[in-house]
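Report on one structure; see the data block that follows.
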There are 2 protein chains.
Amino acid sequence: MGFNHLTPEPITIADRLFQELRRAILGGELPPGKKISEPELANQYNVSRGSLREAISKLENCNLVTRKPNIGARVVGFSTKQLMEIYQIREAMEGMAARLAAENMSNEQLAHLNSLVEHNKTAVTTQDPYATPTSVHYDADLDFHFCIIQGCNNERLQRMLYVDLYDLVRFYRFRLNPRFSEQALSEHELIASALNNRDGEMAELLMRHHIRASRARAQHHLLAIPPDEIE
Amino acid sequence: MGFNHLTPEPITIADRLFQELRRAILGGELPPGKKISEPELANQYNVSRGSLREAISKLENCNLVTRKPNIGARVVGFSTKQLMEIYQIREAMEGMAARLAAENMSNEQLAHLNSLVEHNKTAVTTQDPYATPTSVHYDADLDFHFCIIQGCNNERLQRMLYVDLYDLVRFYRFRLNPRFSEQALSEHELIASALNNRDGEMAELLMRHHIRASRARAQHHLLAIPPDEIE
DNA sequence: AGCTTGAAAATTGTCGACATTGTACTTGAA
DNA sequence: TTCAAGTACAATGTCGACAATTTTCAAGCT
């Protein structure tokens with residue numbers, strides 16, 4: 001699973017801890033809403049509580065845990081409302097990112113994006129049995145969005161999407177485990193073609209439509225799940 | 001100056017430190033790019049380095065300082081490029097916030113917004129000598145945007161704007177000290193009227209236009225400043 | 001003079017112990 | 001039996017000291 005985005009080398013102990021805990025949360029070992037016990041985890045990972053607290057602080061930045069003074073930290077909770085909120089934010093921010101990418105993306109980045117779309121298309125049509133939705137399509141969708149974000153030439157927008165939002169996206173995606181619809185694929189193709197034409201206005205429109213549609217698909221998918229499994 | 005947004009009571013020492021340092025950075029006591037010396041500040045505020053480090057961590061969340069492993073923290077730097085990036089992000093996020101506010105804002109919130117606009121209009125037309133641009137108009141603009149954000153009914157969008165972006169906005173605004181143009185006021189009126197009509201589409205369009213225009217005004221204003229005062 | 005090397009000083013990272021706050025349980029009375 | 005208060009326990013907040021790394025600066029060489 002694509003955990004190694006923007007995490008170069010763990011220099012310090014707190015950094016290493018942060019990455020391991022992040023992985024544990026995104027991978028489901030630490031369930032949503034679980035209390036994070038400082039003494040327990042410090043013991044488990046053989047580090048001091050100070051370093052652990054710094055790691056928790058970083059997790060708070062990614063919105064993967066929430067802390068209350070004198071009470072402690074918990075893994076972020078799962079809620080349909082929050083998921084819908086995230087889609088709204090992505091619609092706005094990634095729409096802008098697509099517009100900027102159309103204007104600023106390098107030709108190399110564009111070529112990479114096209115190869116992603118192409119590769120994904122063949123993977124879907126050939127119905128490779130090993131290309132399960134949880135492995136291939138999954139990361140393919142993420143990679144598509146990451147590639148565009150990377151081309152937007154706005155460092156702060158990139159950082160906000162990467163560290164403030166996309167860990168939450170992964171958090172929900174792992175738990176919802178959505179089938180990657182073929183409709184989403186064709187939406188990707190449309191966006192890519194707008195980017196190839198360097199049409200920022202169109203790219204923003206199509207990206208917003210794509211994310212709104214994804215939100216609707218997720219909502220529809222949620223209705224089919226027994227309510228007791230959610231939240 | 002409006003520093004007391006979303007800062008209820010300093011429960012813990014680290015919280016208090018965070019607020020004081022935040023104020024120091026936004027108020028200009030700690031200049032952009034200044035190295036943050038842990039021993040020095042810990043001594044100055046009579047706290048342990050541990051608490052100070054936690055406060056610095058919180059400042060990092062607000063994007064007011066940047067930290068590098070084994071090197072230390074610095075107050076965020078001033079750069080025209082970054083300011084323009086922030087305007088682009090605000091255009092996307094606050095545009096969405098305006099759309100959502102049109103749909104979800106309570107009548108009380110709407111009334112408050114109207115009173116803000118009205119009060120601001122009279123303050124401008126009467127040319128009250130005490131209503132200097134740095135005190136009244138200043139916070140008036142911030143309050144206007146905050147009021148709309150508060151009405152958008154998307155908690156995460158609110159938090160992202162408040163904690164991740166608006167401290168940076170204050171950071172730049174304090175240093176640029178822009179004259180509040182009458183054009184901006186009329187743009188506010190237009191946005192308010194769209195919100196009164198509960199027209200989300202129009203509210204988003206007008207908000208985006210307003211922020212894009214503000215960005216152009218800021219850029220124009222920057223060109224009139226000797227380059228050595230910037231960065 | 002300018003550059004490289006090396007040691008000394010300062011700064012950041014890490015740790016364990018103490019203080020303070022929250023929590024759970026027991027005990028007692030209505 | 002149920003609720004309240006108090007006590008004991010556990011978790012978080014805070015601190016000072018030690019270890020590892022970076023920076024500084026002075027000596028030596030080309």
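So that the names make sense, note that chain A is the first sequence line, chain B the second, and so on, each numbered from 1. Because the structure is predicted, anything quoted here is derived from the model rather than measured.
As a whole-Å value, the separation of R16(A) CZ from dG13(C) P is 15 Å. dT21(C) atom C1' lies 13 Å from atom CD1 of I13(B), rounded to whole Å.
In this model, the phosphate group of dT12(C) is not approached by any side-chain N or O of T12(A) to a distance below 4.0 Å at OP1 or OP2.
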Original post:
Given L52(B) and I56(B), is the side-chain contact (heavy atoms from CB on, under 4.5 Å) satisfied, shown in steps?
Top reply: CA-CA 6 Å; L52(B) 176 65; I56(B) 293 177; 4.1 Å; yes
Original post:
Do M96(B) and I89(A) pass the side-chain contact (heavy atoms from CB on, under 4.5 Å) test, and can you show the C-alpha distance, the side-chain angles, and the key distance before you say yes or no?
Top reply: CA-CA 8 Å; M96(B) 176 60 77; I89(A) 298 171; over 6 Å; no
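Legend: residues meeting side chain to side chain contact (heavy atoms under 4.5 Å, CB included) with N70(A), ordered by chain and number and at least two apart, are I11(B). Residues that satisfy the side chain to side chain donor-acceptor pair (under 3.5 Å) test with Q82(A), not counting sequence neighbours, are Y172(A), R156(B). The side chain to side chain donor-acceptor pair (under 3.5 Å) test applied to S57(B) returns S57(A), not counting sequence neighbours. Residues passing the side chain to side chain donor-acceptor pair (under 3.5 Å) test with E20(B) are R16(B), sequence neighbours excluded.
Contacts between residues 33-58 of chain B and DNA chain C, defined by a heavy-atom separation below 4.0 Å, involve K35(B), I36(B), E38(B), P39(B), R49(B), R53(B), listed by number. If you check residues 59-71 of chain A against DNA chain C, the residues with a heavy atom closer than 4.0 Å are N70(A), listed by number.
A side-chain donor from one of R90(B) and Y166(B) sits under 3.5 Å from a side-chain acceptor of the other.
Using cut-offs of 30° and 60° on the angle between ring planes, the pair H145(A) and H210(A) is parallel.
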